[in-house]
Number of protein chains: 2
Amino acid sequence: VVRVQDLVKTYHMGLIDVHALRGVSFDIGKGEIVAIMGHSGSGKSTLLNLLGCLDAPTAGSYFLDGELVGDLSDDALAAIRNRKIGFVFQSFNLLARMSALEQVEMPLLYARDRQRRQRAEEALAVVGLEDRMHHKPSELSGGQQQRVAIARALVGNPSMVLADEPTGNLDTATANEIMELLVLLNEERRITTLIVTHEADVAARTQRVIRMVDGAVAADDLTARA
Amino acid sequence: VVRVQDLVKTYHMGLIDVHALRGVSFDIGKGEIVAIMGHSGSGKSTLLNLLGCLDAPTAGSYFLDGELVGDLSDDALAAIRNRKIGFVFQSFNLLARMSALEQVEMPLLYARDRQRRQRAEEALAVVGLEDRMHHKPSELSGGQQQRVAIARALVGNPSMVLADEPTGNLDTATANEIMELLVLLNEERRITTLIVTHEADVAARTQRVIRMVDGAVAADDLTARA
Ligand SMILES: Nc1ncnc2c1ncn2[C@@H]1O[C@H](COP(=O)(O)OP(=O)(O)OP(=O)(O)O)[C@@H](O)[C@H]1O
Ligand SMILES: Nc1ncnc2c1ncn2[C@@H]1O[C@H](COP(=O)(O)OP(=O)(O)OP(=O)(O)O)[C@@H](O)[C@H]1O
Ligand SMILES: [Mg+2]
Ligand SMILES: [Mg+2]
């Protein structure tokens with residue numbers, strides 16, 4: 001379902017070029033659950049942003065469900081981002097003036113879902129935030145904000161989930177609950193799931209670990225769970 | 001150096017009261033290194049903000065170096081925040097238009113330090129960001145932003161460091177380097193250090209763990225390292 005070939009991303013800063021991705025290639029099958037690991041600055045978020053159609057590569061190809069993403073129109077890309085993919089951002093990207101409930105309803109507005117309020121409430125309950133639905137981000141703890149971002153990514157029933165360090169601000173017990181949820185959705189609904197993480201406990205629950213070093217794939221191995 | 005007695009923080013939201021802190025009391029001695037742990041939403045950041053003089057309690061007393069913080073003038077509080085305390089925010093709180101170097105220089109502007117550029121460069125080098133000094137936050141990875149926040153908290157040579165989940169976005173190796181740094185500064189300069197964390201590896205390197213449950217201290221124990 002995901003095929004990347006020689007993906008390159010270079011940032012140009014005056015006289016200096018930053019080679020964030022230096023030629024990344026791999027295939028991911030429908031329904032796989034994969035961890036992406038690597039040092040801070042190794043290119044994980046850059047890669048995830050390309051896979052989420054939030055950014056375009058400098059070079060290389062990205063095929064999503066057989067379609068070359070680089071050839072798609074802006075409308076087609078927007079539809080993919082809103083309907084096909086659920087994205088959990090490393091810095092949450094919540095809107096400061098909206099309550100948790102309104103944030104989670106947003107993807108369903110695009111889909112013109114009439115049951116969106118109820119579905120947003122359910123998504124927040126599933127991540128343990130039933131008592132925080134009307135809080136704005138500044139009225140939520142860091143881990144609660146992270147869970148709003150997770151609920152928002154899942155509420156539209158996407159076929160692929162891209163999660164950038166989804167448990168970084170969560171205590172161990174809450175992180176386990178979130179991983180239980182992601183694994184369950186992957187098993188029951190065959191949602192293709194890519195999780196950037198630096199936590200061994202999280203990686204242990206996936207089937208495969210892609211390890212990045214300095215913008216390149218250094219290892220790509222099955223886990224004990226595969 | 002830190003004494004809190006029956007610290008209470010209640011947020012009023014229309015008809016509902018959120019009891020973020022329900023009567024917290026403890027003493028922390030000069031030069032101690034302490035971990036604060038607890039579930040997401042248990043009140044850790046709220047407590048740290050009170051200790052950092054960034055917010056005022058609803059009730060209770062906070063004595064810093066023997067002074068009752070609630071009685072201090074705004075100028076005295078600002079001086080404490082800028083000179084005495086180094087604060088690492090859970091969401092980094094970086095300024096979007098400033099480079100890493102400018103962010104880390106900020107506390108030294110207040111101190112009118114003429115060597116501030118050099119000291120800011122050193123602080124960034126110590127956290128591994130010598131090649132990212134001129135990048136703005138949007139041009140930095142999540143873990144690099146977190147390290148800028150850490151460098152900024154340390155550059156002014158504070159007598160107390162309050163760090164809210166300082167390794168949440170860091171891979172294990174980089175997190176170890178940061179903990180090495182915090183432990184070294186604590187041992188060499190006797191900087192009183194409070195670290196909110198959900199990671200057992202981080203807590204294992206402190207002398208004492210205060211565990212919070214629903215806004216109250218549930219446990220307060222020495223570690224094997226004490
Ligand atoms: N301004 C506010 N208004 C209302 N409730 C708030 C506000 N700020 C925080 N809260 C609530 O107070 C509780 C404690 O928040 P706090 O940020 O201290 O938790 P925390 O222990 O740091 O959690 P985390 O580990 O997720 O960062 C949370 O349940 C949160 O929803
Ligand atoms: N807009 C940009 N301009 C210049 N350099 C950038 C930009 N965005 C990212 N970088 C650099 O590209 C590299 C890869 O960044 P990326 O965010 O993908 O890392 P990461 O693996 O997600 O790291 P972390 O684990 O810290 O989140 C970093 O060294 C970063 O400084
Ligand atoms: Mg990242
Ligand atoms: Mg917090």
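To find a chain, count down the sequence lines: A is the first, B the second, and so on, and within it residues start at 1. Everything numeric in this text was worked out from a predicted model, so none of it was measured. All heavy atoms count here, side chains included; hydrogens, waters and symmetry mates do not.
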* Once you round to the nearest 0.5 Å, how far does CG of B:N186 lie from CD of B:Q207? -> 6.0 Å

* Count the heavy atoms belonging to other residues, nucleotides or ligands that lie under 6.0 Å from NZ of A:K136, then report whether that count exceeds 12. => no

* Asked: Has A:M106 got more than 12 heavy atoms of other residues, nucleotides or ligands less than 6.0 Å from its CE?
  -> no

* Engaged part of A:T174 at the chain B interface, taking heavy atoms whose separation is under 4.5 Å -> side chain

* Contact part of A:E139 toward chain B, heavy-atom cut-off under 4.5 Å: side chain, backbone, both or neither? -> side chain

* Asked: With only heavy atoms counted, which part of A:T167 is less than 4.5 Å from chain B, the side chain, the backbone, both or neither?
  -> backbone

* **Student check: side-chain heavy atoms of A:I195 and A:M179 closer than 4.5 Å** => yes

* Asked: In terms of heavy-atom proximity below 4.5 Å to chain B, should A:Q145 be classed as side chain, backbone, both, or neither?
  -> neither

* Structure fact -> So, the part of A:S141 with a heavy atom under 4.5 Å from chain B: the answer is side chain

* **Full working for salt bridge (Lys or Arg N to Asp or Glu O under 4.0 Å) between A:R208 and A:D220** => CA-CA 7 Å; A:R208 172 180 170 192; A:D220 187 348; 2.8 Å; yes

* To do: Under 4.5 Å heavy-atom distance to chain B, tell me which part of A:E165 shows up: side chain, backbone, both or neither.
  => side chain

* To do: Please determine, among B:S45, B:G43, B:S40, B:G143, the option with the most heavy-atom pairs under 4.5 Å with chain A.
  => B:S40

* Structure fact -> Of B:V217, B:L64, B:L51, the one forming a side-chain contact (heavy atoms from CB on, under 4.5 Å) with B:V4 is B:L51

